[in-house]
Amino acid sequence: MAHSKALLVLENFIGGKFVPCSSYIDSYNPSTGDVYCKVPDSGKEEVDAAVKAAKDAFPIWSSKSPLERSQILNKLADLIEHDLEAFAQAESKDQGKTITFARTVDIPRAVYNFRFFASSILHHTTECTEMAIMGCVHYTSRAPVGVAGLISPWNLPLYLLTWKIAPAIACGNTVVAKPSEMTSVTAWMMCKLLEKAGVPHGVVNVVFGMGAKAGEALVCHPDVPLISFTGSTVTAQRITEKSAPHCKRLSLELGGKNPAIVFDDADLTQCIPTTLRSSFANQGEICLCTSRIFVQRGIYSEFLKRFVAEAKKWKVGNPSDPTVDVGALISKEHLEKVRSYVKKAQAEGARVLCGEGVDSLALPTGNQKGYFMLPTVIAEVKDESCCMQEEIFGPVTCVVAFDTEEEVIKRANSVKYGLAATVWSSNVGRVHRVAQRLQSGLVWTNCWLVRDLNLPFGGMKASGIGREGAKDSYEFFTEVKTITIKH
Ligand code: ADP
């Protein structure tokens, strides 16, 4: 049996070659609690080598036509899609998410990220104006920036990493990517496909390791003029500080404390299943997940009764079981943190209606040491409570009552974050009014997580700086120049 326990050992991917590292970090399977993988513990030396490789590859890659780059991106998409099942299995094992979610959301979206930017790069135009009186025409030209530093989190590993790599290289930049040290496997698998896709050596380099060491070395590197980061607000503050001496261009996609507002004319047959998904999908580990549900008083009791009854039906267990709805949380520490919020809410007098501490969780024998938690619904929480203010990032949602439109807008906006909000109502006028006034980069009405990648994605307030999407990513990953010609 010894061979079945052999650890998977990852290597950095620098200049088109896999390179071993001198030290490694343990990576856990969250559904069993076992160490199953060794991730390079890279630092400045490895990052320097990767940046050099990216810099060397830049002249060739940036001089290719958009069409040539597009064909390579499409080929890479095809190769990932061909191995979709292997990628999905690996993502589920590494992150704890259900195999169903990895198969239907994570990996298909990673494929689509490459296809989308392969197409969108062909359709941008620049501006031109005439100034006849001066005998001049002005036009803008856009060029890739150089070596892009890309730092991604552990919740949607390949999905979010490719959301950065695809636009960066489509625009002609070369990249050094640093995935989360907790979920590095699918990025490493993708590196194995790059050569076959025709990505020249050095265009995509991946350095694995800790944020404070490898991530920070990338942020501080003088030859990396641009950083695209998705992660926590605290880390973003650190990145902003560390990159300030170099005046780097930053795109920061951060956390949320997203409200769902349910008016009394909402269609509950649509609203309840969608709000369950928006609260508990991917174990609640998505920055777009709902964690504050405001329900108008007339339907509050009915909503709560139906919502809790449905939440109890969500099956928690082995992520590789296709009938399971909730997998394992990312780590023991994170599970403890999420649980501690439920305890704090109870101590403050809130009512836990189902889940943590209320219902018992039966796990299969092999998963007893995994980091599992039941979907948890909390009611009667005060707006000032940490459960209503801080990002919990787990399967925990709070439900509270409201009376008027004016009141709920104020309460929904009364947090430091501003990423995504959801509004449920059949009154078109109200939907528009409320959407306009919510401090939120994204507002979904009568739906959740329906995305058109053409349009801007990003948050307000502590949820981020900058937007990404077809046009926004193009603008972020290119440098614009205004040229004036006198004739
Ligand atoms: P989370 O709290 O969701 O784990 P983090 O912001 O800590 O989010 O991590 C997101 C990504 O940022 C990870 O790849 C992590 O390694 C990286 N990271 C963490 N700290 C730093 C840092 N000081 N500089 C650069 N990257 C960092």
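We count ligands from 1, going down the list as the structure has it; atoms in each ligand are counted the same way.
- For the residue pair Asp94/Tyr36, the side-chain donor-acceptor check at 3.5 Å is satisfied.
- In Tyr28, the OH atom is not crowded: 12 or fewer heavy atoms of neighbouring residues, nucleotides or ligands sit closer than 6.0 Å.
- Looking at Arg238 next to ligand 1, no N or O pair under 3.5 Å apart turns up.
- Residue Pro179 approaches ligand 1 through these ligand atoms, each under 4.0 Å from one of its heavy atoms: 14 (O).
- Where the criterion is an N or O separation shorter than 3.5 Å, residue side chain and backbone included, Gly211 meets it with respect to ligand 1.
- Residue Ile151 has at least one heavy-atom neighbour below 4.0 Å for each of these atoms of ligand 1: 11 (C), 12 (O), 14 (O), 17 (C), 25 (C), 26 (N).
- A donor-acceptor pair shorter than 3.5 Å can be found between the side chains of Glu91 and Thr186.
- The nearest non-hydrogen atom to atom 2 (O) of ligand 1, considering only Gly231, Ala212, Ser232, comes from Ser232.
- With respect to atom 3 (O) of ligand 1, the closest heavy atom belonging to the protein is Trp154 NE1, 3.5 Å.
- Ligand 1 does not have Phe393 within reach: every non-hydrogen atom of the residue lies 4.0 Å or more from it.
- Nearest-residue assignment for atom 23 (N) of ligand 1 (options Glu181, Glu216, Met210, Lys178; heavy-atom criterion): Glu216.
- The shortest N or O to N or O distance between Thr230 and ligand 1 is not below 3.5 Å.
- The ligand atoms of ligand 1 that sit less than 4.0 angstrom from a heavy atom of Phe229 are 6 (O), 10 (C), 11 (C), 12 (O).
- Looking at every heavy atom in both residues, Leu161 comes nearest to Pro179 through CD2-CG, 4.4 Å.
- For CD1 of Ile465, the number of neighbouring non-hydrogen atoms (other residues, nucleotides, ligands) closer than 6.0 Å is 12 at most.
- Within the set Gly215, Ala217, Ala214, Ser152, the minimum heavy-atom distance to atom 14 (O) of ligand 1 is found for Ser152.
- Within a 6.0 Å radius of NZ in Lys93, no more than 12 heavy atoms belonging to other residues, nucleotides or ligands are found.
- When side chains are defined from C-beta on, Val185 counts as touching Leu8, because their heavy atoms get closer than 4.5 Å.
- For Phe117 and Trp163, the ring centers sit closer than 6.0 Å to each other.
- Closest to atom 7 (O) of ligand 1, if we only count protein heavy atoms, is Thr235 OG1, 3.4 Å.
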